[in-house]
Number of protein chains: 2
Amino acid sequence: MHNSIARENRSDTLEGMTTPATDWLRLDQQICFSLNAASRAFNGVYRVVLKDLGLTYPQYLVMLVLWEHGELPVKKLGEHLRLDSGTLSPLLKRLEAAGLVRRERSASDERSVRVRPTGEGLALRERATEVPRRIAAATGLDLAEVQDLRTRLDRLTAALDGYGTDAAGAPS
Amino acid sequence: MHNSIARENRSDTLEGMTTPATDWLRLDQQICFSLNAASRAFNGVYRVVLKDLGLTYPQYLVMLVLWEHGELPVKKLGEHLRLDSGTLSPLLKRLEAAGLVRRERSASDERSVRVRPTGEGLALRERATEVPRRIAAATGLDLAEVQDLRTRLDRLTAALDGYGTDAAGAPS
DNA sequence: CGCTATTGAGTTGTGCACAACTTAATTGCG
DNA sequence: CGCAATTAAGTTGTGCACAACTCAATAGCG
């Protein structure tokens, strides 16, 4: 994992440098802008597509997991989605209010709450089959490109997740 | 945790379909998951890195634009960042409370509010030069990979932004 | 067994994104 | 000129993400 980056020491001595500190700030801007913009653009498309299902994007993600795995405790759901109870609890309450899931305390472990799609929640799956096709159309990418992009993003996520424990962020 | 999932069509058997509707839902999950996860992971790293600057990630983006362009009306700021006044107004108010920017009505057009970094805001730029290096280190990517990824994401964003006007979402 | 540490949900508070709306200033057309 | 349409900020309300916390149940150790 080498960053060819690390070698150019920034700035203060000047003329010959290819990238003074201020340029770094601009380059950095490009990267974070792009990821952020793509994420929000995606969100916007999902918002439109999911509108007639009555779901938000995060709610859709929860339903995807439930459709695939069936009943799950909140904890497991959070592991699949990388979300904690602080986010999931209110979200699941809204899904329950919408009649799409039921929540009930586990008998074997009273701490655990099991989330289960209702009949209505399962029925929604049929209507949701249209969603991926519409999203795919909106991206304008073919399957290979999508998979390639996914691979790169997953690698990036894995690298970023490992941050905070190693010395990468230490000043010196 | 890699999902090589897409290949096995576990199925409902079927005629010659390689991807029944339920598999589409799973594949779709992979794509949106990846982008969403990467975006949030990135955000998490920025949160750590920006902590001692006292900035959130969106606030940092605003400061980047102001460092590059100097004084700007809220409108222009929003165009650079793809954000509207509903997001920017409270954010700028917090930046002003932190002493990093000043907001003042334009004399020539009373509707417009110009945002200008204060001395303190400009001074912060020096400390911020550390940020891109730390982020780059966290990604574990070299410059070429980053730029390639950026290109792909920008193309994706452009495609997604064009959604809603064309027939892409129509059932058929 | 009893007690402490851990675990799973939920709550609270902050900040962001976005839709829908309000308000005030400016534009521009008849 | 006069007035309707447009424009720039700001406000309100909803929902998500996350940190920090509470609370109850369970696990596990002496």
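Labels below follow one simple rule: chain letters A, B, ... track the order of the sequence lines, proteins then strands, and each chain is numbered from 1.
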Run the salt bridge (charged side-chain N to carboxylate O under 4.0 Å, His left out) test on A:Arg127 and A:Glu130 for me, step by step, so that the C-alpha distance in whole Å, both residues' side-chain angles and the decisive distance to 0.1 Å come before the verdict.
CA-CA 6 Å; A:Arg127 291 208 286 143; A:Glu130 278 297 319; over 6 Å; no

Atom CG of A:Asp84 and atom P of D:dA20 are separated, to the nearest Å, by 12 Å

A:Arg47 vs C:dA19: side-chain N/O to OP1/OP2 distance below 4.0 Å:
yes

For side-chain contact (heavy atoms from CB on, under 4.5 Å), just list the numbers for A:Thr139 and A:Glu145, CA-CA rounded to whole Å, side-chain angles, deciding distance to a tenth of an Å, and then say yes or no.
CA-CA 10 Å; A:Thr139 63; A:Glu145 280 181 288; over 6 Å; no

B:Leu91 CG to C:dC18 P, in whole Å, measures 13 Å

Both A:Ala107 and B:Ala41 contact DNA chain D. Taking the nearest nucleotide for each, which residue is further toward the 5' end?
B:Ala41

How long is the line joining CG of B:Leu61 and P of C:dG15, in whole Å?
17 Å

Among B:Leu95, B:Leu50, B:Leu53, exactly one meets side chain to side chain contact (heavy atoms under 4.5 Å, CB included) together with B:Met63. Which residue is that?
B:Leu95

Whole angstrom value for the distance that separates C1' of C:dG8 from CD of A:Glu79
11 Å

d(CZ, B:Arg82; P, C:dC18) in whole Å:
10 Å

Given atom CG of A:Asn43 and atom P of C:dA19, what is their separation to the nearest angstrom?
10 Å

Rounded to whole Å, how long is the line connecting atom NZ of B:Lys51 with atom C1' of C:dT14?
14 Å

Can you tell which of B:Arg116, B:Arg102, B:Lys76 makes a salt bridge (Lys or Arg N to Asp or Glu O under 4.0 Å) with B:Glu71?
B:Arg116

Between B:Val45 and B:Ala138, what is the shortest heavy-atom contact and its length?
CG1-CB, 3.9 Å

Salt bridge (charged side-chain N to carboxylate O under 4.0 Å, His left out) contacts touching residues 39-67 of chain B (sequence neighbours left out):
none

Could you state the atom-to-atom distance from CG of A:Leu50 to C1' of D:dG15 in whole Å?
14 Å

Base, sugar-phosphate or nothing for B:Ser39? Non-hydrogen atoms, less than 4.0 Å.
nothing

Mark up nucleotides 5-10 of chain D, 5' to 3', with B wherever a protein heavy atom is under 4.0 angstrom from a base atom, S wherever such an atom reaches only the sugar-phosphate, and - elsewhere.
--BSBB

Measure up the A:Tyr60 and A:Trp67 rings against each other and bin them: parallel (under 30°), tilted (30 to 60°), perpendicular (over 60°).
perpendicular

